[in-house]
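If you read the sequence from its start, that first residue is 1, and numbering goes on from there.
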Amino acid sequence: MPAISDLRDAFTTHFGVTPRLIVRAPGRVNLIGEHTDYNEGFVLPIAIDRCTFVAARARPDHTVRVFSANLAAEDSFSLERIEHSTTQPWGNYVRGVVKGLHARDLPILGADLLIKSDVPIGSGLSSSASLEVAVGYALQQLNQLNLLGEELALLAQGAENSFVGVQCGIMDQFMATLGRADHALLLDCRDLSYTPIPIPPDVRVVVCDSGVRHSLVGSAYNERRAACHEAVALLKTRLPRIAALRDVTAEQLEANADLLPPAVLPRARHVVTEISRTLRAAEALEHGSLIGFGALMYESHASLRDDYAVSVPALDTLVELARDLPGCYGSRLTGGGFGGSTVSLVSTSAVASFAESLAAQYQARTGNQATVLICTPAEGVSRVATF
Ligand code: GLA
């Protein structure tokens with residue numbers, strides 16, 4: 001985590017004035033419930049102790065200046081004319097959030113913003129959602145707006161959907177906003193109600209970044225989402241009351257399989273079975289059944305690999321290696337897929353040797369360098385300093 005005084009000094013050096021406040025918003029790792037959020041299903045993520053920080057100060061005019069300390073790059077735009085930037089793609093996360101505030105008729109002044117993140121970028125830990133939420137919260141605080149947590153999450157999701165062009169669901173932005181320390185949240189993505197479930201102290205959540213990145217994440221993601229829509233439209237011809245795959249049982253899907261093209265059926269099967277797995281996993285966690293929980297994680301990975309086709313060999317290798325290590329209850333790819341990270345649930349007493357062996361064996365097997373993070377479930381967005 002960057003020191004608050006370093007963030008303040010970096011802001012002052014760049015903008016020539018001191019910031020008024022600093023906020024933070026966390027990344028997230030999803031324990032189970034993948035590609036279910038945009039099907040109005042359930043997810044079970046934690047917010048993590050890796051954050052995007054925004055140091056901010058209002059300006060008297062209508063200009064927003066944004067400096068990314070990670071990229072050493074600046075973006076600048078006027079509140080009167082917020083357009084998609086082709087030269088500074090990272091700036092679109094900020095532009096999208098500001099545009100969303102405008103679209104809601106919320107009165108805001110211009111601002112100077114300095115961004116610094118320790119959420120690894122592109123590793124499936126939602127660095128973009130943490131950026132969107134941190135910027136939205138900083139502007140809310142500077143302008144004394146009253147956006148509730150849920151509204152802030154929806155604003156941030158809207159920025160990604162309409163401005164960045166990824167038709168993501170609500171999970172990542174919701175966790176960046178409303179994550180709870182020491183807990184996972186069982187989130188119902190249909191009505192945004194949620195139940196916090198404690199993570200027992202005898203297990204740790206371990207993220208392993210494969211180092212593999214996929215450049216087509218956005219388009220492949222949108223394609224999966226389109227397949228789910230197609231499945232619902234076709235199933236509706238016989239099941240007129242369904243609104244989303246959330247409303248379809250595994251038996252109904254089986255009985256109506258003839259309606260779906262061969263490429264669409266496995267996609268729908270993943271979603272339907274994953275929603276049921278997520279509910280069972282939440283129950284297992286509540287009852288302290290870590291073995292039961294872990295078995296569902298392995299099933300989830302197999303379904304993402306075989307039915308949803310979003311895994312890559314590096315992620316499959318990481319899951320296989322984790323499965324054979326002492327103390328590992330379960331492991332699976334986490335986030336959108338096509339590269340990025342796996343998440344494993346590991347007994348606290350074995351976690352240090354697990355982390356070391358997983359990275360070493362992965363490198364020996366693939367030649368790739370993995371980065372392992374042992375995560376602590378963290379609170380959602382908050383203000384960390386006022387000057
Ligand atoms: C990305 C999206 C989320 C969710 C996951 C897959 O992280 O941003 O909304 O759909 O993929 O579960």
Side-chain angles (χ1 to χ4, degrees), residues 2 4 6-25 51-117 119 121 126-147 151-166 172-173 176-177 381-387:
I4 297 300
D6 289 350
L7 290 169
R8 188 197 53 210
D9 293 351
F11 185 100
T12 308
T13 306
H14 192 80
F15 292 111
V17 281
T18 51
R20 280 275 178 262
L21 53 92
I22 300 178
V23 304
R24 59 165 272 291
C51 294
T52 298
F53 293 81
V54 174
R57 182 187 179 105
R59 294 172 57 96
D61 59 16
H62 286 173
T63 301
V64 177
R65 285 175 71 197
V66 196
F67 178 68
S68 163
N70 294 76
L71 303 172
E74 184 173 307
D75 187 26
S76 170
F77 58 93
S78 162
L79 290 175
E80 266 109 48
R81 200 180 153 85
I82 307 172
E83 287 175 347
H84 192 270
S85 165
T86 43
T87 50
Q88 305 270 33
W90 63 272
N92 287 322
Y93 296 102
V94 179
R95 289 169 177 239
V97 168
V98 177
K99 186 140 187 165
L101 289 167
H102 245 228
R104 283 166 170 78
D105 268 340
L106 293 166
I108 58 167
L109 287 169
D112 289 333
L113 306 172
L114 175 131
I115 296 164
K116 170 98 183 162
S117 185
V119 185
I121 293 172
S126 294
S127 54
S128 53
S130 71
L131 169 58
E132 292 151 5
V133 168
V135 167
Y137 193 69
L139 292 172
Q140 162 177 348
Q141 299 273 301
L142 284 180
N143 294 282
Q144 280 112 36
L145 304 175
N146 191 19
L147 275 181
E151 285 175 77
L152 178 59
L154 289 165
L155 171 83
Q157 180 199 16
E160 184 130 356
N161 289 170
S162 56
F163 227 77
V164 181
V166 177
D172 307 346
Q173 292 78 7
T177 310
V381 68
S382 62
R383 188 196 282 222
V384 290
T386 307
F387 302 104

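- Atom-to-atom distance recorded for Leu152:CG and Thr177:OG1 is 4.5 Å, nearest 0.5 angstrom.
- Applying the side-chain hydrogen bond (donor to acceptor under 3.5 Å, both in side chains) criterion to Thr63, with sequence neighbours excluded, gives no partner residue.
- Heavy atoms only, all atoms of each residue included: Val66 and Trp90 are closest at O-CH2, 3.6 Å.
- Thr86 and Pro89 get closest at one heavy-atom pair: O-CD, 4.1 Å.
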Output a table of donor-acceptor pairs, distance under 3.5 Å, between side-chain atoms of residues 11-21 and any protein atom two or more places apart or on a different chain; print 'none' if there are none.
from, atom 1, to, atom 2, distance (Å)
Thr12, OG1, Arg8, O, 2.8
Thr13, OG1, Asp9, O, 2.7
His14, NE2, Glu74, OE1, 2.6

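- Side-chain contact check for Glu151 versus Leu154: every heavy-atom pair is 4.5 Å or farther apart.
- Using a 4.5 Å heavy-atom cutoff, the side chains of His84 and Asn92 are in contact.
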Indicate every side-chain donor-acceptor pair of residues 130-147 with a distance under 3.5 Å to a residue at least two apart or in another chain.
from, atom 1, to, atom 2, distance (Å)
Ser130, OG, Thr52, OG1, 2.7
Ser130, OG, Ser127, O, 2.9
Glu132, OE1, Gln173, NE2, 3.0
Tyr137, OH, Gln141, NE2, 3.4
Gln140, NE2, Leu147, O, 3.2
Gln141, OE1, Arg383, NE, 2.9
Gln141, OE1, Arg383, NH2, 2.9
Asn143, OD1, Leu109, N, 3.0
Asn143, ND2, Leu139, O, 2.8

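- Leu155 places a side-chain heavy atom less than 4.5 Å from the side chain of Val97.
- Nearest heavy-atom pair across Val119 and Ser126 is CG1-C, 4.4 Å.
- Closest heavy-atom contact between Phe387 and Ile4: CZ-CG2, 4.0 Å.
- The stretch residues 102-116 participates, sequence neighbours left out, in these side-chain hydrogen bond (donor to acceptor under 3.5 Å, both in side chains) pairs: Arg59-Asp112.
- The closest side-chain heavy-atom distance from Pro2 to Phe53 is below 4.5 Å.
- The side chain to side chain contact (heavy atoms under 4.5 Å, CB included) check on Ala103 picks up nothing, with sequence neighbours excluded.
- Shortest non-hydrogen contact noted between Leu79 and Gly110 is CD1-N, 3.7 Å.
- Contact annotation: the side chain of Val64 never approaches that of Ile108 to less than 4.5 Å [non-hydrogen atoms, C-beta and beyond].
- Every pair passing salt bridge (charged side-chain N to carboxylate O under 4.0 Å, His left out) that includes a residue from residues 76-103 is listed here, sequence neighbours excluded: Asp75-Arg95, Arg81-Glu83.
- To the nearest 0.5 Å, the span separating CG on Leu71 from OG on Ser117 amounts to 10.0 Å.
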In a table with atom names and distances, give each donor-acceptor pair under 3.5 Å that connects a side chain of residues 158-166 to protein atoms at least two apart or in another chain.
from, atom 1, to, atom 2, distance (Å)
Asn161, ND2, Val166, O, 3.0
Asn161, ND2, Cys168, O, 3.2
Ser162, OG, Gly158, O, 2.7

